[in-house]
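Proteins get letters first, then strands, A, B, ... in listed order; numbering begins at 1 in each. Being a predicted model, the structure only gives us computed values, none of them experimental.
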Protein chains: 2
Amino acid sequence: MKTTRNTVAKTAVLEIFGKSKTALSHAEIQKQTGDLCDRVTIYRILERLVNDDIVHKIVNLDGTVKYAKCHHHAQRVHIHNHAHFSCEKCLEITCLENVKPSYIIPHNYKVNDINFTLSGLCPNCLNSNI
Amino acid sequence: MKTTRNTVAKTAVLEIFGKSKTALSHAEIQKQTGDLCDRVTIYRILERLVNDDIVHKIVNLDGTVKYAKCHHHAQRVHIHNHAHFSCEKCLEITCLENVKPSYIIPHNYKVNDINFTLSGLCPNCLNSNI
DNA sequence: AATATTATCGCAACAATGTTGCAATTAAAA
DNA sequence: TTTTAATTGCAACATTGTTGCGATAATATT
């Protein structure tokens, strides 16, 4: 029963997530933490946060990996089945907590996780795109 | 109006896709082509095939990138909105052409592409997992 | 408060994946 | 056959992610 600790770096990362409205990549987090900690440490913090269901991982079609804070809690097991929107112009990725896919899959598959990412133009860029 | 050419390497890659029932990664293709061509060439072939809608790109939750042949044709613009299943055990990724997500997204978003990947256990591994 | 335990960190080294520029090659059009 | 330009190989580089291990520090224990 590994206990998880609250370290300076982890707290800083969580605070950054708190302030951000969009999903963040490892590189973006590193830029914001400056030289507070090592690059590897951030990888490990993210790994822990994902395991603890505090943050979820998002993979975009272009291969970009980002992370966002989970907005649901108190659930033993939860699947992040909401959609993520990836804007091709501003490159921001946002959680669409209310958009959830419904689908029918043959019963001989066991689904443990879902990645549902939509890409295109976000409301902001759609407007400024006249 | 860049025309696309049929080269030895491209033909070989297409043949490999034809024979494979699952999606293939760059590394897997490289292994199968042997020393027929350079590593970079394969990247560029895949890029072209994706642009020409002959192959589609699949990004898994673990960051793995794979490619699979498109099984629909004669459509001007087509979105690969079918699901992909990624087995956590055998690591194979297969297209579930018949599984398509339905969802409702606010109208101020413009969707150009979709990535819908389910991960878990495929029928094979689910059986041998007793 | 002091000590023990062990999760976490920093560093270095490595591996995988993907990108770019440019000269040489070659498929396809003329 | 000649011309055109798409494609290739090579080399060099960038990014992203991983691993081992000794040092550090958060938390539990005494």
Side-chain angles (χ1 to χ4, degrees), chain A residues 1-17 23-68 86 88 91 93 115 117 119, chain B residues 1-17 23-68 86 88 91 93 115 117 119:
Chain A
M1 55 184 82
K2 271 190 136 209
T3 59
T4 184
R5 294 181 180 177
N6 281 321
T7 64
V8 184
K10 184 182 165 189
T11 308
V13 170
L14 274 178
E15 199 162 326
I16 290 171
F17 273 120
L24 299 168
S25 67
H26 171 274
E28 287 162 344
I29 294 169
Q30 194 188 350
K31 198 172 291 174
Q32 290 199 44
T33 48
D35 53 356
L36 175 71
C37 66
D38 195 72
R39 205 171 60 88
V40 179
T41 300
I42 297 178
Y43 277 114
R44 298 201 256 227
I45 289 174
L46 290 171
E47 190 186 12
R48 263 179 287 150
L49 293 179
V50 168
N51 281 336
D52 294 349
D53 276 334
I54 295 171
V55 148
H56 62 279
K57 187 177 176 179
I58 307 160
V59 181
N60 195 25
L61 252 185
D62 63 7
T64 319
V65 173
K66 299 213 177 189
Y67 301 86
S86 160
E88 291 162 354
L91 301 181
I93 295 184
N115 185 30
T117 310
S119 58
Chain B
M1 55 185 82
K2 271 190 136 207
T3 58
T4 183
R5 294 181 181 177
N6 282 321
T7 64
V8 184
K10 183 183 166 190
T11 308
V13 169
L14 274 178
E15 197 162 326
I16 289 171
F17 273 120
L24 300 168
S25 67
H26 171 275
E28 287 162 345
I29 293 169
Q30 195 187 350
K31 197 174 292 174
Q32 289 198 46
T33 49
D35 54 356
L36 176 70
C37 66
D38 195 73
R39 205 170 60 89
V40 180
T41 300
I42 298 177
Y43 277 114
R44 298 201 255 228
I45 289 174
L46 290 171
E47 189 186 11
R48 262 178 287 149
L49 292 178
V50 168
N51 281 336
D52 295 349
D53 276 333
I54 295 171
V55 149
H56 61 281
K57 187 177 176 178
I58 307 159
V59 181
N60 196 24
L61 253 185
D62 64 5
T64 319
V65 173
K66 299 212 177 187
Y67 301 86
S86 159
E88 291 162 355
L91 303 181
I93 295 184
N115 184 30
T117 310
S119 57

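Checking the phosphate oxygens (OP1, OP2) of D:dA25, no side-chain nitrogen or oxygen of A:Arg5 falls inside 4.0 Å. The shortest distance between the side-chain N/O atoms of B:Thr7 and the OP1/OP2 oxygens of D:dT8 is below 4.0 Å.
The distance from atom CD of B:Gln30 to atom P of D:dG9 is 11 Å, rounded to the nearest whole Å. Whole-Å rounding puts the A:Leu46 CG to D:dG17 P distance at 9 Å. Rounding to whole angstrom units, CG of residue B:Asn6 and P of C:dA29 are separated by 10 Å. Distance, B:Lys10 NZ to D:dG9 C1': 19 Å, rounded to whole Å. With rounding to whole Å, A:Glu47 atom CD is found 11 Å from D:dT19 atom C1'.
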Could you pull out every donor-acceptor pair under 3.5 Å between side chains of residues 36-45 of chain A and any protein atom, sequence neighbours left out?
residue	atom	partner	partner atom	Å
A:Asp38	OD2	A:Val40	N	3.0

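Counting non-hydrogen atoms under 4.0 angstrom, A:Leu36 reaches the backbone sugars and phosphates but no base.
Of the residues B:Val50, B:Ile58, B:Val13, B:Leu24, the one that meets the side chain to side chain contact (heavy atoms under 4.5 Å, CB included) test with B:Tyr67 is B:Val50.
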Revision key, fill the gap. In 5'-to-3' order, the base (B), backbone-only (S) or no-contact (-) status of each nucleotide in nucleotides 12-22 of chain C, using a 4.0 angstrom heavy-atom cut-off, is B----BBBBB-
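When distances run from any side-chain atom of B:Ala9 to the nucleotides D:dT8, C:dC9, D:dA26, the shortest one goes to D:dT8. With D:dA26, D:dG9, C:dA27 as the choices, the nucleotide that has an atom nearest any side-chain atom of B:Thr41 turns out to be D:dG9.
Atom CG of A:Leu46 and atom CD1 of A:Ile29 lie 4.5 Å apart (nearest 0.5 Å).
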Check your understanding: Going through the checks in order, is the side chain to side chain contact (heavy atoms under 4.5 Å, CB included) test met by B:Thr117 and B:Leu61?
Key -> CA-CA 8 Å; B:Thr117 310; B:Leu61 253 185; over 6 Å; no
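Side chain of B:Asp52 to backbone of B:Ile54: no donor-acceptor contact under 3.5 angstrom is found. A distance-only check finds no donor-acceptor pair linking the side chain of B:Asn60 to the backbone of B:Ser86 [under 3.5 Å].
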